[in-house]
Amino acid sequence: MPELPEVETVRRGIAPHLVGEKIDRMIIRQRQLRWPISRTLPGAVANQCVHTVGRRAKYLLIELDDGHLIWHLGMSGSLRILQNLPTPGTHDHVDVCLKRGATLRFRDPRRFGSLHWTCVDPLRHRLLKNLGPEPLGEEFSGEWLYARSRGRSGAVKNFLMDSKIVVGLGNIYASEALFEAGISPVRAAGRIGLDRYRRLAEVAKTILGQAIKAGGTTLRDFTKAEGEPGYFAQELQVYGRAGEACSRCGEPVRSRIIGQRSSFYCPQCQN
DNA sequence: AATCGCGCCTGACGGC
DNA sequence: TGCCGTCAGGCGCGAT
């Protein structure tokens with residue numbers, strides 16, 4: 001389940017192998033992802049050079065001569081750079097073959113990922129145009145959260161995971177940030193003060209920054225571009241730790257479903 | 001405008 | 001051993 005740090009790790013892993021390279025061809029074995037891949041995509045990208053590999057939220061933006069690939073890994077997607085091309089497995093849906101021989105291979109067992117092509121500003125694409133600020137950017141702050149949360153009665157965890165409020169805070173990091181900030185995940189977003197939101201924004205930035213530095217969380221399907229796992233899973237304080245002692249007070253960590261998502265928190269430390 | 005629930009899909013896991 | 005039901009999970013979307 002790639003979250004933002006994982007996607008950023010993938011971006012950094014594949015970028016050096018792609019930038020400046022020319023695409024020979026694209027092979028699509030399975031079009032039916034979250035949205036069907038356009039039939040015209042392979043023809044559109046052939047013989048184009050890669051200029052940059054960027055990211056907006058969890059979307060990777062691969063800039064070519066005449067447009068951008070907008071690539072989402074869903075929850076089980078991976079992108080690998082391969083020099084010697086093994087026979088594709090059942091879930092290896094897309095290959096981007098470069099002229100000089102390397103291949104970018106997309107594997108996605110659950111097919112929640114997506115791949116789009118756009119010839120205009122990718123930030124204007126329907127999937128990107130309404131996204132909130134990047135969590136590591138300056139626009140994202142306690143003040144921002146406070147202002148946007150006034151009058152909202154829903155649980156703060158759902159508020160944090162709303163991509164119009166801030167992107168890249170998925171289920172894992174939302175739980176972790178709320179634990180660090182000492183805020184109950186079910187507290188109404190509109191009933192949290194500025195000081196607590198400042199703390200929340202601060203810890204969110206710290207946690208995401210540390211996770212990126214560590215190379216992303218390792219859970220189930222995730223591995224970095226080169227294949228080795230990230231090393232952040234051991235740093236998670238509450239996620240996936242129901243029943244274990246809270247690292248701060250020793251009370252058992254609890255889990256419950258909030259907004260159809262499993263959530264983890266310490267009933268003693270978070271209120 | 002905010003909020004809620006759905007559905008896409010497969011692998012892992014538990015129960016029998 | 002094998003089969004089956006259940007669940008997780010990102011996130012856009014339609015309904016309320």
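Predicted, not measured: the structure shown is a model, and the values here were computed from it. Reminder, nothing fancy here: chain letters follow the sequence lines and each chain counts from 1.
- Here A/G154 lies in heavy-atom contact (under 4.0 Å) with sugar-phosphate atoms only.
- For A/R261 against C/dA8, a side-chain-to-base donor-acceptor contact under 3.5 Å is absent.
- Rounded to an integer number of Å, the gap from A/N130 CG to B/dA1 C1' is 13 Å.
- Nearer the 5' end of DNA chain B, as judged by each residue's closest nucleotide, is the contact made by A/G259, out of A/G259 and A/F112.
- For the pair A/R11 (side chain) and A/V53 (backbone), a donor-acceptor distance under 3.5 Å is present.
- Atom CG in A/N158 sits roughly 7 Å away from atom P in B/dC4 (whole-Å rounding).
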Check residues 264-271 of chain A and write down every donor-acceptor pair under 3.5 Å in which the side-chain atom is one partner and the other belongs to a residue at least two apart or another chain.
| unit_1 | atom_1 | unit_2 | atom_2 | d |
| --- | --- | --- | --- | --- |
| A/Q270 | OE1 | A/C266 | N | 2.8 |
| A/Q270 | NE2 | A/L178 | O | 3.3 |
| A/Q270 | NE2 | A/I183 | O | 2.8 |
| A/N271 | OD1 | A/R196 | NH2 | 3.3 |

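- For A/R110 and C/dG9, the shortest distance from a side-chain N or O to OP1 or OP2 is not below 4.0 Å.
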Go through the steps for A/L73 and A/K58 under the test side-chain contact (heavy atoms from CB on, under 4.5 Å), then give the verdict.
-> CA-CA 8 Å; A/L73 303 180; A/K58 294 179 188 169; over 6 Å; no
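- Partners of A/Y146 by ring-ring contact (aromatic ring centres under 6.0 Å, His included), not counting sequence neighbours: none found.
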When you compare the protein's N or O atoms with those of nucleotides 13-16 of chain C, which come within less than 3.5 Å of each other, and at what distance?
| unit_1 | atom_1 | unit_2 | atom_2 | d |
| --- | --- | --- | --- | --- |
| C/dC13 | OP1 | A/R126 | NH1 | 2.6 |

For residues 39-47 of chain A, please give each side-chain donor-acceptor pair under 3.5 Å, one per line with the distance, not counting sequence neighbours.
| unit_1 | atom_1 | unit_2 | atom_2 | d |
| --- | --- | --- | --- | --- |
| A/T40 | OG1 | A/S38 | OG | 2.7 |
| A/N47 | OD1 | A/K99 | NZ | 2.8 |

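- Atom CZ of A/F159 is separated from atom C1' of B/dA2 by 12 Å (rounded to the nearest Å).
- Distance CD (A/Q260) to P (B/dC6): 7 Å, rounded to an integer number of Å.
- When the P atom of C/dG12 is taken as reference, atom CG of A/L115 falls 16 Å away, rounded to whole Å.
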Name the atoms and distances for all side-chain donor-acceptor pairs under 3.5 Å in residues 152-162 of chain A, with sequence neighbours left out.
| unit_1 | atom_1 | unit_2 | atom_2 | d |
| --- | --- | --- | --- | --- |
| A/R152 | NH2 | A/D162 | OD2 | 3.4 |
| A/K157 | NZ | A/N171 | OD1 | 2.6 |
| A/K157 | NZ | A/S263 | OG | 2.8 |
| A/D162 | OD1 | A/K164 | N | 2.9 |

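- Between A/S262 and the phosphate of C/dG9, there is a side-chain N or O to OP1/OP2 separation shorter than 4.0 Å.
- When the side-chain nitrogen and oxygen atoms of A/Y239 are compared with OP1 and OP2 of C/dG9, one or more of them lie within a distance under 4.0 Å.
- Here A/H91 does not reach the OP1 or OP2 of B/dC9: none of its side-chain N or O atoms lies under 4.0 Å away.
- The aromatic ring centroids of A/F106 and A/W71 lie less than 6.0 Å from each other.
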Can you give the donor-acceptor pairs under 3.5 Å from side chains of residues 127-134 of chain A to other protein atoms, not counting sequence neighbours?
| unit_1 | atom_1 | unit_2 | atom_2 | d |
| --- | --- | --- | --- | --- |
| A/E134 | OE1 | A/R55 | NH1 | 2.9 |
| A/E134 | OE2 | A/R56 | NH1 | 2.9 |
| A/E134 | OE2 | A/A57 | N | 2.6 |

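- Atom C1' of nucleotide C/dG12 and atom CE of A/M161 are separated by 13 Å, given to the nearest angstrom.
- Applying the 4.0 Å criterion to OP1 and OP2 of C/dG12, one finds that A/Y59 has a side-chain N or O inside that range.
- Rounded to whole Å, the distance from CE on A/M75 to C1' on B/dT10 is 9 Å.
- Regarding A/I37, its CD1 atom lies at a distance of 18 Å from the P atom of B/dC8, rounded to whole Å.
- Among the nucleotides C/dG12, B/dC6, C/dG9, the one closest to any side-chain atom of A/S163 is C/dG12.
- Every residue two or more places apart in sequence or in another chain that forms a side chain to side chain donor-acceptor pair (under 3.5 Å) with A/R198 is listed here: A/E143.
- In the set C/dG10, B/dC4, B/dC9, B/dC9 carries the atom at the smallest distance from any side-chain atom of A/R111.
- Residues passing the ring-ring contact (aromatic ring centres under 6.0 Å, His included) test with A/H125, sequence neighbours excluded: A/H116.
- Distances shorter than 4.0 Å separate none of the side-chain N or O atoms of A/S76 from OP1 or OP2 on B/dC9.
- In the helix from B/dA2-C/dT16 to B/dC16-C/dG2, the rotation axis of the first five pairs and that of the last five pairs differ in direction by 40°, rounded to 10 degrees.
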